[in-house]
Amino acid sequence: MEEYPEELRTPPVALVAVVGCPELHTAISTHLHSEQPPINTLALPDFSKISVVAKRAKEGSEAGQFSGILKRDWLLKHRTMVPAVVAALFGSDHVNGDPAQWLQVCTDLENLKAVIKGRNIKLVLVLVVQSTSKDEISEDRMIALRKRAEVDSKYIVVFDPNNAMELKQSLSRHGAFL
């Protein structure tokens, strides 16, 4: 059995891409990797790197031909390159900020939606707030954000990294989207 690659010897593992707010990637990745079963993360520091998700693996000359149940390296690709969920992290100051910041959030969302379109990847919006600014996110902006992203309200998570009790609950919600 040792001659087979790891993806064939171990249970399937999901992959989550985390984009934006790079200072939180370690905490999110650590929590998701400690879940049962563990969840791999692909941490992208900013939205300009999201094109990594769009790149297709180069297919060999045997692209349409394969013997067996799965294409070659299919399990590896879905463990390390093609996420099941993209979590877009936005600071609450960008959502409630001046019009230029809001326009940047909208542009990032449009680019993100274009990349994951037709790829069966779920989109989760994570609003990173500080304990003091939690009440500042207006309901109108939340609705506009949800409509812009074309997601249900259950796919919007409010995340407070400074509140230890809420931190665990928010991180658990991230894992629940798989």
Side-chain angles (χ1 to χ4, degrees), residues 14-33 39-57 77-78 80-178:
L15 178 66
V16 173
V18 182
V19 186
C21 298
E23 66 276 4
L24 299 174
H25 291 184
T26 304
I28 293 171
S29 296
T30 303
H31 177 78
L32 292 176
H33 200 66
I39 300 169
N40 287 339
T41 56
L42 177 63
L44 305 171
D46 57 50
F47 288 89
S48 65
K49 308 289 187 218
I50 195 63
S51 61
V52 170
V53 174
K55 290 182 181 175
R56 299 199 183 269
K77 180 176 83 171
H78 287 277
T80 60
M81 294 181 283
V82 178
V85 174
V86 172
L89 282 71
F90 294 105
S92 61
D93 57 334
H94 287 95
V95 174
N96 275 338
D98 63 27
Q101 290 176 321
W102 173 249
L103 184 60
Q104 184 60 46
V105 168
C106 294
T107 302
D108 291 340
L109 275 175
E110 291 302 320
N111 293 339
L112 186 59
K113 288 186 333 186
V115 166
I116 65 173
K117 183 179 180 181
R119 301 221 53 193
N120 198 20
I121 299 173
K122 291 181 185 176
L123 175 62
V124 176
L125 300 178
V126 181
L127 296 176
V128 180
V129 298
Q130 303 303 322
S131 298
T132 57
S133 66
K134 185 175 274 190
D135 297 329
E136 292 180 16
I137 300 175
S138 69
E139 188 65 30
D140 293 339
R141 279 288 165 107
M142 292 289 279
I143 292 170
L145 186 66
R146 183 181 60 79
K147 286 183 179 181
R148 176 71 66 162
E150 299 174 2
V151 296
D152 291 336
S153 58
K154 68 181 179 181
Y155 294 110
I156 297 178
V157 177
V158 178
F159 183 71
D160 184 357
N162 298 326
N163 186 340
M165 181 73 87
E166 222 174 90
L167 178 66
K168 182 125 176 98
Q169 183 180 10
S170 294
L171 288 172
S172 295
R173 277 191 72 193
H174 287 322
F177 290 114
L178 295 173

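The figures that follow rest on heavy atoms only: side chains count, while hydrogens, waters and symmetry mates do not.
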Closest non-hydrogen atom pair, Cys21 against Gly91 = SG-N, 4.2 Å
query = Looking only at heavy atoms, what is the nearest atom pair of Val126 and Ala87, with distance?
reply = CG2-CB, 4.3 Å
request  = Sequence neighbours left out, what passes salt bridge (Lys or Arg N to Asp or Glu O under 4.0 Å) with Arg146? Give chain and number order.
outcome  = none
request  = Can you see which heavy atom on Leu123 is nearest to which on Tyr155, and at what distance?
outcome  = O-CB, 3.7 Å
message = How about CG on Asp98, more than 12 heavy atoms from neighbouring residues, nucleotides or ligands closer than 6.0 Å, or not?
response = yes
inquiry  = Looking at every heavy atom in both Pro22 and Pro45, which two are closest together, and how far apart are they?
reply    = CD-O, 3.6 Å
note = Only residue of Val157, Val95, Leu112, Leu109 satisfying side chain to side chain contact (heavy atoms under 4.5 Å, CB included) with Leu125 is Leu109
note = On a heavy-atom basis, the closest approach of Ala43 and His25 is CB-ND1, 3.3 Å
request  = Indicate yes or no: at least one non-hydrogen side-chain atom of Leu127 is less than 4.5 angstrom from one of Leu145.
outcome  = yes
task = Taking the side chain as every heavy atom from C-beta outward, state whether Asn40 and His33 have any pair of such atoms under 4.5 Å apart.
result = yes
message = Rounded to the nearest 0.5 Å, what separates atom CG in Asn96 from atom CE in Met142?
response = 9.5 Å
key: Glu139 CD: over 12 foreign heavy atoms closer than 6.0 Å   = no
query = Should Phe47 and Val105 be marked as a side-chain contact (heavy atoms from CB on, under 4.5 Å) after you check the CA-CA gap, both sets of side-chain angles, and the distance that decides it?
reply = CA-CA 10 Å; Phe47 288 89; Val105 168; over 6 Å; no
inquiry  = Does any part of the side chain of Ile28, heavy atoms only, come nearer than 4.5 Å to the side chain of Leu89, both counted from C-beta?
reply    = yes
query = Can you find a heavy atom in the side chain of Val82 that is under 4.5 Å from one in the side chain of Leu15?
reply = no
query = What's the spacing between Arg148 CZ and Arg141 CZ if we round to 0.5 Å?
reply = 10.5 Å
key: Distance-minimising heavy-atom pair for Ile116 and Ile121   = CD1-O, 3.8 Å
